[in-house]
Amino acid sequence: MNSGKGQTMWGGRFAATPSAIMNEINASLDIDRRMAEEDVAGSRAHADMLAEMGILTAADNEAIQGGLDRVSAELRDGTFPFRRELEDIHMNVEARLKELIGEPAGRLHTARSRNDQVVTDFRLWTRRALDDTSHLVTALQAVLVRRAGEHAATFMPGFTHLQTAQPVTLGHHLLAYVEMLERDRTRLLDCAVRLNECPLGAAALAGTGFPIDRDMTAEALGFARPMANSLDAVGSRDFALEALSALSIAATHLSRLAEEIVLWTSPQFAFAALPDEWSTGSSIMPQKRNPDAAELVRAKASLITGLFVALQGAVKALPLAYAKDLQDDKRLTFEAFDTYDLCARAMAGMVETIRFKPDAMRAAAGKGFSTATDLADWLVRELGLPFRDAHHVTGRIVAMAEGKGAELADLSLGEMQKVHSAISKDVFNVLTVEASASSRTSYGGTSPVRVQEQVAQWTQRLRLE
Ligand code: ARG
């Protein structure tokens with residue numbers, strides 16, 4: 001080790017040291033130091049296996065494990081001497097081990113390459129990140145379910161094309177996101193299932209001639225099995241791509257909810273207000289309360305998609321097996337997880353504290369002839385009209401109301417009877433917002449009873465009680 005010029009571990013065949021810029025573009029320590037614990041874990045498993053197979057002596061393994069204990073302690077208490085000139089976390093850990101225990105450290109890299117080492121560490125890191133992030137998704141779901149429970153019978157306009165369509169309940173609207181988030185959460189966990197194969201022992205690309213036991217290292221690191229093809233093991237990053245695509249979809253959902261917060265807190269909608277902790281002011285316009293966090297979540301969703309695209313671009317034309325292009329996989333993946341996690345926390349904070357304005361929502365729900373479908377349905381149900389005719393009659397009544405600048409429920413019975421003489425006063429029972437939304441009791445529908453049921457189920461599923 002270090003037998004060549006300069007400090008590199010691979011310097012044996014080199015006469016000169018790398019240029020400063022070469023080091024700058026090559027070094028990944030600032031990024032991959034986050035995998036330090038994973039690197040130690042991988043080395044522990046590898047050394048134990050080498051000893052078990054008689055490739056390392058028990059004494060050397062003991063020295064290595066003891067040294068790795070100390071490395072681990074240094075990492076925990078913040079005294080580990082990270083050195084950028086050693087390129088990456090793998091070289092840093094090994095070099096420190098050498099300082100601590102001397103010669104046996106040089107035997108650790110037997111039957112291993114940085115190519116299988118780095119992707120083993122990266123899989124371990126990503127597996128944990130998927131799990132951690134899935135818990136943040138659950139935390140946001142829990143907040144949404146609680147708020148949905150408070151607002152199972154809060155009426156608001158439901159929109160299509162952002163045009164008032166039919167009255168819905170706020171609880172129903174919030175639960176729609178709970179469902180989306182559940183798919184996000186399980187998508188993340190599904191990635192972890194496919195990811196969970198161990199590349200360690202693939203060595204540089206072709207496997208090794210040493211009699212290693214790959215099942216043993218796979219098991220020690222909690223993988224389901226060793227990867228079956230060494231070229232695939234060191235050259236593939238679809239586990240990271242899959243995680244990024246799942247994060248990209250998940251962030252897209254956060255962005256839609258963020259957009260609704262932006263809309264709802266605008267003075268034009270005035271359906272809700274964010275508390276001071278989640279608002280910012282304007283330096284020039286004293287009246288402003290800006291939903292910056294929601295806007296940032298909206299923007300960061302495309303950042304995460306960009307990170308996916310960046311990695312996909314790095315991989316798509318890469319011949320097998322490893323190439324240094326793959327070093328940036330970690331930067332992209334770490335940033336995507338960090339960004340999503342921050343967004344999920346911000347959304348949970350906003351949803352937890354946003355003050356909904358039921359009166360404003362209720363008033364808006366009654367505007368825009370939102371119960372026109374209920375009128376048409378009533379004509380079908382009570383008068384036996386074919387739906388197409390009912391649609392036409394309703395359209396004429398809507399036009400009449402529009403002409404008067406009134407809502408449907410404001411028309412008199414006489415006015416309606418001019419359009420269809422058989423209409424009776426019972427029709428007014430379905431023209432209110434409450435009657436309209438409450439009548440939608442089909443499974444998955446918006447009525448308060450159905451929403452309460454869903455809230456109860458989610459409360460149980462998420463164990464919120
Ligand atoms: N820092 C490198 C990476 O993240 C480690 C693998 C280096 N392998 C190599 N053949 N140079 O990809």
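First listed ligand is number 1; within each ligand, the first listed atom is number 1. Counting begins at 1 with the first residue of the sequence.
Near K330, with a cut-off below 4.0 Å to any heavy atom, the atoms of ligand 1 are 3 (C), 4 (O), 12 (O). Residue contact check: S28 has heavy atoms under 4.0 Å from atoms 1 (N) of ligand 1.
In terms of protein heavy-atom proximity, atom 10 (N) of ligand 1 is closest to N115 OD1, 3.0 Å. In this structure, the protein non-hydrogen atom closest to atom 12 (O) of ligand 1 is Y322 OH, 2.4 Å. The nearest heavy-atom contact from the protein to atom 11 (N) of ligand 1 is R114 NH2, 3.6 Å. The shortest contact between atom 2 (C) of ligand 1 and any protein heavy atom is with Q327 OE1, 3.2 Å. Closest to atom 5 (C) of ligand 1, if we only count protein heavy atoms, is D88 OD2, 3.4 Å.
At most 12 non-hydrogen atoms from other residues, nucleotides or ligands lie less than 6.0 angstrom from CD of E62. Within a 6.0 Å sphere centred on CZ of R345, other residues, nucleotides and ligands contribute 12 heavy atoms or fewer.
Results of the side chain to side chain donor-acceptor pair (under 3.5 Å) test with W458 over E182, E179, Q141, E453 single out E179 as the only residue that passes.
Contact annotation: the side chain of F239 never approaches that of L130 to less than 4.5 Å [non-hydrogen atoms, C-beta and beyond].
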Quick one: side chains of residues 210-227, donor-acceptor pairs under 3.5 Å with protein atoms, not counting sequence neighbours, listed by atom name and distance.
{"unit_1": "D213", "atom_1": "OD1", "unit_2": "D215", "atom_2": "N", "d": "3.0"}
{"unit_1": "D213", "atom_1": "OD1", "unit_2": "M216", "atom_2": "N", "d": "3.1"}
{"unit_1": "R214", "atom_1": "NE", "unit_2": "L200", "atom_2": "O", "d": "2.9"}
{"unit_1": "R214", "atom_1": "NH1", "unit_2": "M227", "atom_2": "O", "d": "2.8"}
{"unit_1": "R214", "atom_1": "NH2", "unit_2": "C198", "atom_2": "O", "d": "2.8"}
{"unit_1": "R214", "atom_1": "NH2", "unit_2": "M227", "atom_2": "O", "d": "3.1"}
{"unit_1": "T217", "atom_1": "OG1", "unit_2": "R214", "atom_2": "O", "d": "3.2"}
{"unit_1": "R225", "atom_1": "NH1", "unit_2": "E197", "atom_2": "OE2", "d": "2.8"}

Item to complete: For salt bridge (charged side-chain N to carboxylate O under 4.0 Å, His left out), just list the numbers for D116 and R112, CA-CA rounded to whole Å, side-chain angles, deciding distance to a tenth of an Å, and then say yes or no.
Response: CA-CA 7 Å; D116 59 339; R112 183 178 79 171; 5.7 Å; no
